[in-house]
Every structure is written in C-alpha cells, then in structure tokens.
Amino acid sequence: MKIRKLAFALGAEITGIDLRAPLDATTVTELRKAWLQHLVLVFPDQQLTPEEHIRFSRCFGELELHALKNLQGTTHPEILEITNRVVDGKRSETAEVGRTWHSDGSATLRPPTGSLLYCRAMPEAGGNTWFASMYAAYDALSDRMKQIVDRLETVQDLGYFYGSRGIGTRDPCKVNEDIGDNPAVVQPLVTVHPESGRRALFVNQSLTREIYGMTPAESAGLLNYLYAHATRPEFTYRHYWRVGDLVMWDNRCTQHLAPRDYDPDEVRHMCRTTLKGHPQGRYLRDIPAPAAAPR
Ligand code: OGA
Ligand code: MN
C-alpha cells in the first residue's frame, strides 16, 4: 500500500490495494489513520460491484440510509446514486446534487461521519469534485475571531436550502416531504472532531440559514465572510475523476462542491455510501426563542 499526498491541506492517493478483497484488521487501521490525517482518500482504478462497495464501506462503521428517504436506492438502499442518467425515461432527481459548497447532512441531528463515492461514468471533460479542509479554515482565523466563533451556533435548514437554491430536477412533492421530515436544527459553528480532537469550522453556504440569535444583517455579514474564507483555494483539493475511482471523505472536517463544469448531455454517474454519524445539535423548535434582538 502506497500513500501519496495530493494537496497541501487535504487529500491523499492510496495505491497497491484491491478493495474487492476482504481487508485484514491491520490494513483497516492503517487506512483509518491515513483518512484521519489526509481527510480525503482517493483509491484509483477499482472495479467494485455495489455489494463490494458496501462491504468496503462497512470497514469504517455502520452505514446510514440517506436522510432524504425518497432518494434511497431501491435494490441497495445503502447506495445513493448521484447521476444525470435517464432511468426509465425519467431524468434523475440527483442530477444537480452538490452544486454549492456543503457538508452532508449538516441540517440533521446526525451529520454523517463520512462518505465513499465511486465513479461509474464521467463526461469527457469536467465533472470534478472539490474538497476543502475545515481544519485549515479554522486554523487560519485570528485568535480573536476564533474566540468569537467558538461560542456561536448556527441554524441549519433544508427548507432554506431549497428556498434559496431551487429544487433542481427534484419532484416538488418529495422535496416537501423531505423538508417536513427534517425541521431546522441548531448546530455549533465550530465542532471538535471526536477522533482527532481538532477544531473545524462547521458552517456552509448551502444549508446554514443564519447565526442563531443574531440580527439578519449581523448574521449575513459574518456568514459571508466565513463562506469566502472557508473555501479559499489553499484549503482545497480538486479531484479530476476517472471511472473506477473511489473517494472517501471525512464529513466532520471537510466541505465539498460538485460544480456544473461538464456537458449536461454526457453521462455522469456516481454511487455513494454514507457512514452514520453521532448525535449532534438540537431542533430549533425545541429551544425557547431568544430575547428579541435590538433593531
Ligand atoms: C455527495 C455530493 C458530489 C459529486 O455525494 O454528497 O455532494 O461530485 N456529490 O457528485
Ligand atoms: Mn454532498
């Protein structure tokens, strides 16, 4: 097994390993260590069936079925298909997934630990995924700013996401059902990674609605600064996919983005498994309203 760093802030390529073969405990421990250190691991040139993809993923924890239950796969509910492929004459509902920076499930009470995304088809050019280290973003703040954000919380809201970005190729009834199933949550703005003990910015321009308890103007000012800061190029790794790549990211300390940087008439097809996270945050509706802010 060989590990090669891919960028300064995050990302490493792992070669010399066949993910179809059952892995021994030592190899799994080594991979987990590399994952915690590099945050995004790229395994090129893998030939995986859905069952093998699921089995490899389970080496890193229990899998979750997607929070948006109507996006769960039918034959393999553990696999979320992200594709613009036409299935049964219908345009896929996941064609526009990930178009703005986000971490997965930040608007739930159990944000996933990580995900393993496998590439089945890629357009001739583009179709990249970008990743950014939220450790690097936090570390680069001034001590004064760290003291401020350490104490703040945000409101994370799936309804806000669809309200501000549109529903893309999704069925409006299913979107409404998903929003009903996922009421707004309050999350810490800075999280402490349970395995590394390091602090990470936990704020993203897709799902973060506001800073809890601030006026809209205060909140927008600080959030816009943090969004621009968090995704500065030096904190990122950009992955140029090849069919057969499996990329696994730590969702607790990274964000990602899938830009529309390819010909939409060409097929892009990705399969994702998701590692179940730990309870974090609380429902906004369960918290007494904060004292009215001055105008
Ligand atoms: C995801 C996602 C990125 C991509 O799988 O969570 O945002 O490149 N997808 O498809
Ligand atoms: Mn995502």
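One-based numbering, in listed order, for ligands and for the atoms of each. Values reported hereafter were calculated over all heavy atoms of this structure, with side chains retained and with hydrogens, waters and symmetry mates removed.
Residue-ligand proximity: Trp101 is placed with every non-hydrogen atom at 4.0 Å or more from ligand 1.
Using a 4.5 Å heavy-atom cutoff, the side chains of Ser196 and Tyr135 are in contact.
Here is the list of ligand 1 atoms found below 4.0 Å of a heavy atom in Arg272: 1 (C), 5 (O), 6 (O). Counting atoms of ligand 1 from 1 in the listed order, those under 4.0 Å from a heavy atom of Thr129 are 4 (C), 8 (O). Under a 4.0 Å criterion applied to the non-hydrogen atoms of His256, ligand 1 contributes the atoms 1 (C), 2 (C), 6 (O), 7 (O). Heavy-atom proximity to His102, at under 4.0 Å, picks out these atoms of ligand 1: 7 (O).
Ranking the protein heavy atoms by distance from atom 3 (C) of ligand 1 puts Ala258 CB, 3.7 Å first. Atom 9 (N) of ligand 1 has as its closest protein heavy atom Ile82 CD1, 3.8 Å. In this structure, atom 10 (O) of ligand 1 lies nearest to the protein heavy atom Arg268 NH1, 2.9 Å.
Rounded to the nearest 0.5 Å, atoms CE (Met270) and CD (Glu81) are 11.5 Å apart. In this structure, the separation between NE2 on His256 and NE2 on His239 is 13.5 Å, given to the nearest 0.5 Å. Rounded to the nearest 0.5 angstrom, Asp261 CG and Tyr240 OH are separated by 8.5 Å.
Paired with Ser106 under the rule side chain to side chain donor-acceptor pair (under 3.5 Å), one option of Asp157, Thr154, Asn204, Thr191 passes, and it is Asn204. Evaluated for a side chain to side chain donor-acceptor pair (under 3.5 Å) with His193, the options Arg198, Arg199, Arg252 yield exactly one hit, Arg252.
Contacts of Phe131 with ligand 1, taken as heavy-atom pairs under 4.0 Å, are absent altogether.
Using a 4.0 Å cut-off between charged side-chain N and carboxylate O, Glu195 and Arg32 make a salt bridge.
At a 3.5 angstrom cut-off on N or O pairs, Asp104 counts as close to ligand 1.
His102 contributes NE2 as its N, O or S atom closest to the Mn ion (ligand 2).
Residues Val192 and Met134 fall into different hydrophobic clusters, defined by Ile, Leu, Val, Met, Phe, Trp and Tyr side chains chained together at heavy-atom separations under 4.5 Å.
When rounded to 10 degrees, the angle formed at the Mn ion (ligand 2) by NE2 (His256) and OD1 (Asp104) equals 100°.
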